[in-house]
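Everything numeric in this text was worked out from a predicted model, so none of it was measured. All ligand and atom numbering here is 1-based and tracks the order in the structure.
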Amino acid sequence: KRRTAEPFKIKSVETLAMLSYEERKQSLQQAGYNTFLIDSKDVYIDLLTDSGTTAMSDAQWGALMTGDEAYAGSKSWKKLEKAVRDVYGYQFVLPTHQGRGAENILSQLKIQKGDYVPGNMYFTTTRAHQEMNGATFVDIIIDEAHDPTIEHPFKGNVDLAKLQRLIDKVGAEKIPYVCLAVTVNLAGGQPVSMENMKEVYELCQKHDIDVMLDATRCVENAFFIKEREAGQANRSIAAILKEMMSYSDGCTMSGKKDCLVNIGGFLAMNDEDLYIRSRELVVVYEGMPSYGGMAGRDMEAMAIGIREAVDDHYIAHRIGQVRHLGQQLIDAGIPVVKPIGGHAVFLDARAFLPHLSQEEFPAQALAAALYLDSGVRSMERGIVSAGRDITTGNHNKPNLELVRLTIPRRVYTNNHMDVVVDSIVDLYEKRDAICGLKMDYEPPTLRFFNARFSPL
Ligand code: F0G
């Protein structure tokens with residue numbers, strides 16, 4: 001098989017820090033063994049998140065200078081609005097400062113206290129906004145998604161029977177919308193099939209329930225449909241994406257991922273009444289409906305990024321790079337969430353460190369050990385991230401105890417991925433020497449950001 005390479009060449013470079021083992025050790029101790037608290041200047045390869053970490057193209061950098069910074073009626077907004085309409089197909093668009101800005105407005109307008117919002121697994125900020133507005137989140141993802149070892153081509157799919165049961169139990173009038181994430185971040189970047197999206201939409205239409213997409217990584221989802229679903233292989237990513245979005249009534253979007261920019265987001269819909277009411281709240285929380293928390297130059301960059309992201313070569317390389325990392329780990333026998341998803345490879349810390357109990361924070365310990373070994377920064381997605389039960393005060397104990405290796409878009413080469421593989425394989429060979437952690441400082445909310453640990 002002939003090899004392929006990055007579908008871009010490098011015009012500007014950023015020098016990476018390469019600290020010694022002793023320096024990394026000191027940095028890790030200063031950060032309380034929490035990768036969120038490590039200074040970025042001390043990180044070699046930063047796989048903390050794919051959010052806002054994208055490298056922009058020369059076209060985007062060039063467009064920054066043309067940003068129209070008028071307070072009202074910015075030309076740059078018109079370009080962004082047109083890009084969203086052209087590529088995603090929604091009629092009405094409102095800008096927000098990032099994804100959670102759109103989530104805030106949508107949740108406030110659609111949710112009444114006592115409502116239920118079904119979703120295919122939760123995302124932290126999305127669920128927080130639903131709950132703050134008085135809704136109960138109900139997980140309707142297929143069971144397979146909660147098991148890291150099960151191979152399923154569309155592990156993000158909705159279990160229609162679970163959705164139907166909820167409708168029967170609470171009544172459609174208590175369900176303001178279904179929140180459908182494409183792809184599903186916390187399940188491992190797993191996609192939803194076109195067929196499933198269509199079925200969810202049809203079921204919801206029958207009951208007069210809206211489908212609102214969390215479109216954050218929708219282009220990655222489109223790629224998996226092209227690759228895995230019957231009859232889709234010869235279609236363009238752009239065509240698949242537009243059909244996907246047609247099975248929904250609107251979306252919230254974090255532009256920091258699949259719109260290939262460092263900041264920004266939007267809320268889109270086809271219902272004019274919802275649009276008018278949302279526009280009022282954009283003014284309250286975000287800014288004028290012609291900028292919504294973004295500078296004119298940010299909107300220029302996003303308008304271009306939206307179009308660049310549906311380039312078939314770009315997205316094939318993007319998913320290919322995540323797979324380049326993941327497949328090598330699988331081949332080396334490292335336990336990871338399968339199949340490899342769209343934006344990240346997730347290490348299964350329970351299987352990696354079977355000698356640690358969940359109270360010894362295996363995923364946190366593994367993330368710390370990886371940084372110490374090679375300066376690679378990852379993110380804990382396990383018991384620390386899951387927080388405590390509000391009523392009992394006990395740790396929430398999630399099934400999945402994961403370390404997320406999240407690949408920024410267009411930033412690293414496959415050589416960087418190989419360095420990550422070597423470090424993880426070495427760590428796996430000496431995994432018995434990795435000890436657990438104890439939590440020395442625990443913040444009351446969203447503890448994973450600021451918690452501090454030390455080795456047991
Ligand atoms: N939805 C999903 C699925 C996300 O992954 C994120 C952010 C958001 C919504 C919120 O968007 O950050 O623009 O306000 N995920 C980042 C991550 C933070 O690291 O996974 P935002």
Side-chain angles (χ1 to χ4, degrees), residues 34-36 40 46-54 94-107 117 119-132 137 139 141 145 155-156 158 177-192 212-221 248 250-268 282 285-286 292-294 298-299 301-302 305-306 309 322 337 341-346 363 367 377-382 384-386 400 402-409 411 446 448-449:
N34 184 347
T35 54
F36 278 101
S40 121
D46 201 349
L47 306 185
L48 187 70
T49 180
D50 64 329
S51 183
T53 52
T54 300
L94 287 162
T96 60
H97 73 285
Q98 58 184 74
R100 66 198 73 180
E103 291 168 358
N104 172 38
I105 292 167
L106 178 74
S107 304
V117 179
N120 50 345
M121 214 175 253
Y122 77 100
F123 183 72
T124 50
T125 59
T126 321
R127 187 174 71 183
H129 280 296
Q130 292 160 4
E131 290 174 345
M132 281 165 72
F137 166 81
D139 190 9
I141 203 165
K155 228 174 165 179
V158 166
Y177 60 96
V178 170
C179 177
L180 186 66
V182 287
T183 60
V184 184
N185 185 354
L186 297 190
Q190 305 293 342
V192 180
M212 300 302 293
L213 300 182
D214 179 341
T216 297
R217 297 181 181 86
C218 58
V219 182
E220 291 168 8
N221 199 101
S248 74
C251 79
T252 56
M253 181 66 162
S254 169
K256 303 169 75 171
K257 287 87 168 173
D258 272 354
C259 300
L260 300 178
V261 286
N262 305 117
I263 194 70
F266 62 81
L267 174 63
V282 167
Y285 291 109
E286 306 285 320
M294 286 180 276
D298 297 334
M299 297 190 283
M302 194 155 129
I306 284 172
V322 176
V337 174
H343 67 305
V345 176
F346 290 72
R377 171 154 70 173
S378 57
M379 184 191 285
E380 193 264 8
R381 290 278 96 148
V384 181
S385 298
L400 300 176
L402 308 175
V403 172
R404 189 178 77 171
L405 305 162
T406 338
I407 320 302
R409 295 169 181 77
V411 170
L446 295 177
F448 55 92
F449 284 124

What residue and heavy atom of the protein are closest to atom 12 (O) of ligand 1, and at what distance? Arg100 NH2, 2.9 Å
Please write down residue, atom name and distance for the protein heavy atom closest to atom 13 (O) of ligand 1. Ser254 OG, 2.6 Å
Give, for atom OG of Ser385 and atom CG of Leu186, the distance between the pair rounded to the nearest 0.5 Å. 8.5 Å
Give the residue, atom name and distance (to 0.1 Å) of the protein heavy atom nearest atom 9 (C) of ligand 1. Glu103 OE2, 3.1 Å
To the nearest 0.5 Å, atom SG of Cys218 lies from atom NZ of Lys257 at 12.0 Å
What are the two closest heavy atoms between Ser107 and Tyr177, and how far apart are they? OG-OH, 3.7 Å
Under 4.0 Å to a heavy atom of Thr49 - the qualifying atoms of ligand 1, by number: 17 (C), 19 (O)
Note: ligand 1 atoms sitting under 4.0 Å from heavy atoms of Arg404 are 17 (C), 19 (O), 20 (O)
heavy-atom search around atom 21 (P) of ligand 1 in the protein gives Gln98 NE2, 3.4 Å
Please walk me through it: do Thr126 and Glu103 pass side chain to side chain donor-acceptor pair (under 3.5 Å)? CA-CA 6 Å; Thr126 321; Glu103 291 168 358; 2.9 Å; yes
Within the structure, is a non-hydrogen atom of His343 found at a distance of less than 4.0 Å from ligand 1? no
Quick test: of every protein heavy atom, which one is nearest to atom 8 (C) of ligand 1, and how far off is it to 0.1 Å? Phe123 CE2, 3.5 Å
Could you tell me which atoms of ligand 1, counted from 1 in the order shown, lie closer than 4.0 angstrom to a heavy atom of Thr216? 1 (N), 2 (C), 9 (C)
Of the non-hydrogen atoms in Arg100 and His129, which two are nearest, and what is the gap between them? O-NE2, 3.4 Å
Among Arg404, Arg217, Lys256, find the residue that satisfies the side-chain hydrogen bond (donor to acceptor under 3.5 Å, both in side chains) test when tested with Asp50. Arg217
Who's the nearest protein heavy-atom neighbour of atom 10 (C) of ligand 1, and how far? Thr125 OG1, 3.6 Å
CG (Asp46) and OG1 (Thr406) are apart, to the nearest 0.5 Å, by 9.0 Å
Between Thr252 and Leu267, the two heavy atoms sitting closest are CG2-CD1, 3.9 Å
If you measure every N/O of Asp50 against every N/O of ligand 1, is any gap under 3.5 Å? no
The protein heavy atom nearest to atom 7 (C) of ligand 1 is Lys257 NZ, 2.6 Å
Where is the tightest heavy-atom contact between Ile141 and Gly156, given as atom of each residue plus distance? CG1-O, 3.8 Å
Atoms of ligand 1, numbered as shown, that sit under 4.0 Å from any heavy atom of Gly99: 11 (O), 13 (O), 14 (O), 21 (P)
Any donor-acceptor pair under 3.5 Å linking the side chain of Asp258 with the backbone of Glu220? yes
If the cut-off is 4.0 Å to any non-hydrogen atom of Asn185, which atoms of ligand 1 fall inside it? 5 (O), 20 (O)
What residue and heavy atom of the protein are closest to atom 3 (C) of ligand 1, and at what distance? Asp214 OD2, 3.3 Å
Just jot down the ligand 1 atoms closer than 4.0 angstrom to any heavy atom of Lys256, in number order. 13 (O)
